[in-house]
Amino acid sequence: MPELPEVEHAARSLGEQIVGRTIVAVTRLDWERMVETPAVDQFLDLIQGRVVRAAGRRAKWIVLTLDDGWSLALHLRMSGSLTVHGPAAEPDAYTHLVLLLDDGRQVFFHDTRKFGRARLLDAAGLAALDSAHGVEPLTDAFTPELLAALLRRYNARIKPLLLNGRLIAGIGNIYADEALWNAQIHPLRQSASLSDEEVARLHSGIRLALLQGLEHGGSTLRDYRNGYGVAGSNQNHFKVYGRAGAPCPRCGTPIEKIVVAQRGTHLCPYCQPIAVD
DNA sequence: CATTACCTGCAA
DNA sequence: TTGCAGGTAATG
């Protein structure tokens with residue numbers, strides 16, 4: 001799933017349901033590689049009895065603030081979802097982690113592809129996670145000037161640069177393509193070659209794509225669900241992603257699909273011309 | 001920078 | 001049967 005809008009909804013909807021509750025125990029962990037830190041036995045021990053104080057997001061991580069300085073960071077990667085269920089619910093074969101709450105409800109971490117990850121972090125671990133990621137693109141810190149500086153300093157093809165979470169957090173394959181279409185910039189453009197006007201368009205194009213995703217509850221291609229089990233609808237509003245051959249909403253030219261940095265990449269060849277860098 | 005790996009299901 | 005999928009880390 002999950003890029004910034006999906007993770008944001010996942011975190012919020014989880015928080016609405018479980019903030020204030022205590023994690024009584026982990027009642028299932030059948031894919032131990034999901035737990036990255038600390039060692040599994042420590043993880044199981046330390047998480048017991050922790051109160052969930054808050055739920056938030058950093059980059060594509062859902063961060064549950066617990067008591068005693070601990071945080072539970074959860075990453076959904078490609079196919080994960082976190083949903084809250086009643087006491088009688090039975091996890092299926094793809095539910096690899098189950099947290100039992102003090103009111104009997106359960107949090108299911110469901111993940112078909114088993115790429116999802118969990119980390120129980122102390123304050124230092126949380127700070128390390130934070131500093132491993134770039135600016136949050138929906139905050140005031142993300143200015144056109146900052147974007148311009150990043151594009152110049154890390155000159156590279158613009159699409160892979162947008163996907164690099166150490167520079168800008170939360171943009172994945174869907175929203176990178178949508179943002180570049182919004183900005184009318186070809187994904188292969190060298191980032192340092194963008195004019196000030198193009199940088200300004202990209203800045204607002206990124207925000208617009210992410211805000212539109214948020215507005216529609218995120219995008220669900222297959223697996224994504226929020227904490228209530230509800231799919232997003234932003235996939236019905238894509239301008240280019242997954243629309244190869246369909247008409248560009250701006251000019252009617254058929255959308256093209258190419259490969260950039262090993263990722264399927266969608267663009268309008270008329271609105272997003274290749275520039276001679 | 002490109003390639004491979006990690007997993008599984010599904011569409012072509 | 002093959003290739004592809006919302007992510008990211010590791011390896012040449």
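Side-chain atoms are counted along with the backbone in the values below, which use heavy atoms only and exclude waters and symmetry mates. Order of the sequence lines sets the chain letters (A, B, ...), proteins ahead of strands, with each chain counted from 1. It should be emphasised that the depicted structure is a prediction, and the values quoted were computed from it without experimental measurement.
A centroid separation of 6.0 Å or more is found between the aromatic rings of H75(A) and F115(A).
Side-chain contact between Y228(A) and T83(A) is absent, with no heavy atoms from C-beta onward closer than 4.5 Å. Counting heavy atoms from C-beta outward, P137(A) and L210(A) have side chains that approach closer than 4.5 Å.
In this entry the distance linking CE of M34(A) with P of dC6(B) reads 18 Å, nearest Å. Going from atom CD1 of I171(A) over to atom P of dT8(C) covers 11 Å, rounded to whole Å. In this structure, R263(A) places its CZ atom 16 Å from P of dT4(B), rounding to the nearest Å. We find that CD1 of I258(A) is positioned 17 Å from C1' of dC4(C), with the value rounded to whole Å. Rounded to whole angstrom, the span from the CD atom of Q262(A) across to the C1' atom of dA5(B) amounts to 13 Å. With rounding to whole Å, R117(A) atom CZ is found 10 Å from dA9(C) atom C1'. For the pair E6(A) CD and dA5(C) P, the computed distance is 17 Å after rounding to whole Å. For the pair D177(A) CG and dA5(C) P, the interatomic distance rounds to 11 Å; values are reported in whole Å.
No contact: G165(A) has no heavy atom under 4.0 Å from any strand. Residue contacts for W31(A): at a heavy-atom cut-off of 4.0 Å it reaches the sugar-phosphate backbone alone, with no base atom in range.
Side-chain atoms of D92(A) and H110(A) include a donor-acceptor pair closer than 3.5 Å.
The P atoms of dT11(C) and dC7(B) are separated by 15 Å, rounded to the nearest whole Å. Taking atom C1' in both dT4(B) and dC4(C), one finds a spacing of 16 Å when rounded to whole Å. Distance check on atom P: dG3(C) versus dT3(B) gives 15 Å, rounded to whole Å.
Distances shorter than 4.0 Å separate none of the side-chain N or O atoms of K114(A) from OP1 or OP2 on dG7(C). One finds no side-chain N or O of H75(A) lying less than 4.0 angstrom from the OP1 or OP2 phosphate oxygen of dG7(C).
Side-chain N or O atoms of E178(A) include one that pairs as donor or acceptor with a backbone N or O of K239(A) at under 3.5 Å.
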Margin query: Just to be sure I follow the notation: if a pair is Watson-Crick (purine N1 to pyrimidine N3 plus N6-O4 or O6-N4) or a G-U wobble (N1-O2 and O6-N3), each under 3.5 Å, what dot-bracket string does DNA chain B give, with | for pairs to another strand?
Written below: ||||||.|||||
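Nearer to the 5' terminus of DNA chain B, by closest-nucleotide assignment, is the contact made by A156(A) (compared with the other of R33(A) and A156(A)).
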Next item on the list: Let me see the working for S219(A) and Y224(A) under side chain to side chain contact (heavy atoms under 4.5 Å, CB included), right down to the final yes or no.
Entry: CA-CA 7 Å; S219(A) 306; Y224(A) 172 69; over 6 Å; no
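For N226(A), the side chain to side chain donor-acceptor pair (under 3.5 Å) criterion is met by no residue, not counting sequence neighbours.
For F115(A) and dC7(B), the ring-to-base geometry does not satisfy the stacking test (centroid distance below 5.5 Å, interplanar angle below 30°).
Contact annotation: side chain of R222(A) to base of dA5(C), donor-acceptor pair absent below 3.5 Å.
Among the nucleotides dC7(B), dT8(C), dA9(C), the one closest to the side chain of R166(A) is dA9(C). Residue R113(A) has its side chain nearest to dC7(B) when only dC7(B), dA2(B), dG7(C) are considered.
When each of L180(A), I174(A), D177(A) is checked for a side chain to side chain contact (heavy atoms under 4.5 Å, CB included) with H266(A), only D177(A) meets the rule.
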